[in-house]
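We count ligands from 1, going down the list as the structure has it; atoms in each ligand are counted the same way.
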Amino acid sequence: MMKNVRKNSLVLTSLSLLLSLTLSAQDQATITIDADKPGNSVAPTLHGIFFEEISHGGEGGLYAELIQNRGFEESRLPPATTLQNGFIVPERTPHFSLPNNRASDWKMRWELTSQWPAWSLRAGEGADINLALTQENPLNSATPNSLQVTIDKLDPGGKNDLLNEGFWGINTVKGDSYNLSFYTHTDNYTGPLTVTLQSADGKILATHVFKTIVGKTWKKYSCSLLATQGDPGAKFVMNFGSTGKVWLDFVSLFPAKTFKNRPNGLRADLAQYLADLKPAFVRWPGGCFVEGINIESAPNWHRSIGPIEKRVGTYSPWGYWSSDGFGYHEYLQFCEDIHADALYVFNAGVSCDFRSGTYIPDEKVDSIIYDILDGIEYAIGPATSKWGKVRAQNGHPAPFPLKYVEIGNEQSGPRFARRYNWFFAAIKKKYPQIQIMASQGIGDVNRRTLDSMKSVDLADEHAYKAANWSMRNYDHFDNYKRGNWSMYVGEYATNSGVGKGNMNAALSDAVYIMAMERNGDLVKMSSYAPLFVNVNDVDWPVNLINFDASKSFARISYYTIKLFNDNRPDQNLTTTTQFPAVTVKKPLYSGSVGLATWDTESEFKDIQVLQDGKVVYSSDFINRPSEWKGVRGEWKVKDSAFAQTAMGAQRFAWLQGKSFDTYTLKLKARKTSNATNAFIIPFAVKDDNTMLRAHIGSNVNNNSVFESVINGTNVSDLTNQKRMPAKIETGRWYDVTLEVGYDKVDCYLDGKLLMSYTEPQKFFSIAGRDQKTGDIIVKVVNATASPYKADIELKGAVKPAPMADLVTLAADSPQVENSFSEPTKYVPVHTGITGVKNSFEQVFQPYSISVLRIKDIAHKQVVAK
Ligand code: AHR
């Protein structure tokens, strides 16, 4: 393995290549692909998807239900919690990972103000109508609430309406039908009840009249609503036609057209994105969702099957109820529909470590083990088995494609590993064919956890990284000591320093995927996270597919994953990327200098910029204070220093109107408050909101780190956080020096080197072979601002056809992104190239991700023999 690693790594050579007019030596590389030297194989399971109920990705998203709070259960408190001063507080029982049986003091803000969220009355002045949530005479015991509507007087103008706003609007499409159903019982109410879809300005888009609604027991009513006009933000309206009392429950509205036209189905456009990715598997249902805010609120497959109106629902840790309408059966059906295997994640009797961390004691774990074995039987047991029979009764006699299960999400440590061992043994005994994922906590594979696990099929690493992290850590997977286990990167994304997920994120994600592909002996599976965000309820900074009630767009990272999955080789070919020695360097950190703080107060003085030993700028705050622009915070001249005196994040001032290329910045800084962090020295400052910076005393005055800032407050690490030799003392002046070079910055504290940052490599390539077609697939990322010329050398037994397919996903800037208005602005573009030989040239666009598919005539001949 290590041999191969070295071959794939960056090799600097002193090749003297002729410079073309448009390309400098910095923008050239030689990619050598040795067809005779196969590397690691690439698993066909490498790309899957991970769905979680977060940011209304399911409720009001993938799950096509159009009525929000259809069962009137949304204002129900999660189990085993109480409401205290606007917070939900779980019962204080011991935390799984805290010492001495300590309970966590975690609590969560309860945002709801209405008892019937998403529902409202629209009554005219003459009406006397009242709403009440009631638990009397429930439709069933699993869903205790229903809505009582008391109509004492009708508005003569007919304004006697109960409205549901849907999930930030109901997308009503002209010509489409919608299936409505609801349960009701009445007292002295005779009808009629008119149901309509109405546009925001009250236009009737679809209507149906139930002439009589009578009866003291619950009865189901249903109809189809045909939209004669459309509105993406419509409302659902029930209009009452007589006085009396009406109780309502489970008011449900589905588009007749769902993905594969399944009843209780999925929103077609969103499901199609997933199908188009051709994922090898679907991980479900979480994520933190699996863990629950406490053990009582963790999901359970059992509760999510059977009649939908009887599903109790699961409180998502992301702050709202899942109706579980997209339950275990629907999930398995979806996997089958898109030809993916199922990866079901179950709670191992431990709730989220970062929330209450409450758990089921060891002596009761058996009951969950049996429950999980039942769940597996539901999915794959014969139709004659106890749970296979229930599956058959639910409409699916044949087994579903459940191939993997995961024990817990983001749990780690020896105590968890012991529990994992029990589950692993029991599952393998009954279902040896099931592959088992081992949770590893948040972040990299946890050695202590792994070593405490007796047997591991796949360890689940989670990787949320900053912009360019993958470029600085291209050897991340190479560095793992191989053992009797494989890796599943269950959640990954470049999600800081990239806005809401821009081209820069896609470039980093592309390099990350290439690192996984190259390490195919270790990394067998991966899934990006999170998959969906309803833009009206954003729980996570960067998500793959954005949508609202009617529109959607996939981010550039989605198209990157799709491009790489569509062009996944079976076998890596040994590839080296070589760069010529650079004689003339371009300065990468041009810009001005600044001063900043984060949650502290600090002073700065004696600021000097030196170039070639000469002082080119020297501060004089007493006589020339206006040179410095205070952008955020309170900046004032104090003695001869510039002082920042307001707490809070991102306090910032800069020397406006200056720009330096390579230079030495010297200054004195002191922290003047006892608050935690220390001081920050911005450089390469472009404007009020864009800069790089050296953060000294970050992470509660423990670390130092180089950071990048975009949009003023979007901060991401450029280097790993480095422990400081000692905390910064309050009141003491420190000498800070930044040596800003062409592509390297050194930061000194009191004359000693504190940390360094070197610009990472920005051009990457790998190659592999598709065994079926014989094609050689070359993947190239050019994350620089310039075109990059590559000399591609195909070595060994390979005879390329002169024409090849080049697919390029490029953007004009790293900051850009697809959007609702231009959803496919940045997508892969196919072009044919000619002149392909064993040695040929290809230029790769700036900010681009490319796949070159080369036909190998030699390989075809071998296959043909
Ligand atoms: O993907 C969002 C969250 O990130 C997941 O719920 C959790 O597993 C991870 O920490």
(message) Please list, in number order, the atoms of ligand 1 under 4.0 Å from a heavy atom of Glu52.
(response) 1 (O), 2 (C), 5 (C), 6 (O)

(request) Could you pull out all residues at least two apart from Phe400 that satisfy ring pair (Phe, Tyr, Trp, His ring centres under 6.0 Å)? (result) His329, His396

(message) I'd like to know whether NZ of Lys428 has more than 12 heavy-atom contacts from other residues, nucleotides or ligands below 6.0 angstrom.
(response) yes

(message) Between the side chains of Arg518 and Asp478, is the shortest nitrogen-to-carboxylate-oxygen separation below 4.0 Å, so that they form an ion pair?
(response) yes

(request) Would you verify whether the NZ or CZ of Arg415 falls within 45 degrees of the ring axis of Tyr359 while also being under 6.0 Å from that six-membered ring's centre? (result) yes

(request) Pick, from Glu53, Glu410, Glu491, the option with the minimum heavy-atom distance to atom 5 (C) of ligand 1. (result) Glu491

(request) Around atom 2 (C) of ligand 1, find the nearest protein heavy atom and jot down its residue, atom name and distance. (result) Tyr464 OH, 3.5 Å

(request) In plain terms, say whether Arg283 and Glu52 are close enough for a salt bridge, that is, a side-chain N and a carboxylate O under 4.0 Å apart. (result) no

(message) I need the contact type for Phe354 against ligand 1. Using non-hydrogen atoms and a strict under-4.0 Å cut-off, is it side chain, backbone, both or neither?
(response) neither

(request) Report, as yes or no, whether the 6.0 Å neighbourhood of atom CZ on Arg723 holds more than 12 heavy atoms from other residues, nucleotides or ligands. (result) no

(message) Which of the numbered atoms in ligand 1 are under 4.0 angstrom from any heavy atom belonging to Gly287?
(response) 5 (C), 6 (O), 8 (O)

(request) For Ile442, counting its heavy atoms only, list the atoms of ligand 1 lying under 4.0 Å from any of them. (result) 10 (O)

(message) Surrounding OH of Tyr370 (heavy atoms of other residues, nucleotides or ligands, distance under 6.0 Å), is the total greater than 12?
(response) no

(request) Take every heavy atom of Phe289, measure it against each atom of ligand 1, and state whether any distance is under 4.0 Å. (result) no

(message) With respect to Glu291, determine whether any N or O atom, backbone or side chain, lies less than 3.5 Å from an N or O atom of ligand 1.
(response) no

(request) Report, in ascending order of atom number, the atoms of ligand 1 lying under 4.0 Å from any heavy atom of Trp318. (result) 3 (C), 6 (O)

(message) Measuring from non-hydrogen atoms of Pro530 to any atom of ligand 1, is the shortest distance under 4.0 Å?
(response) yes

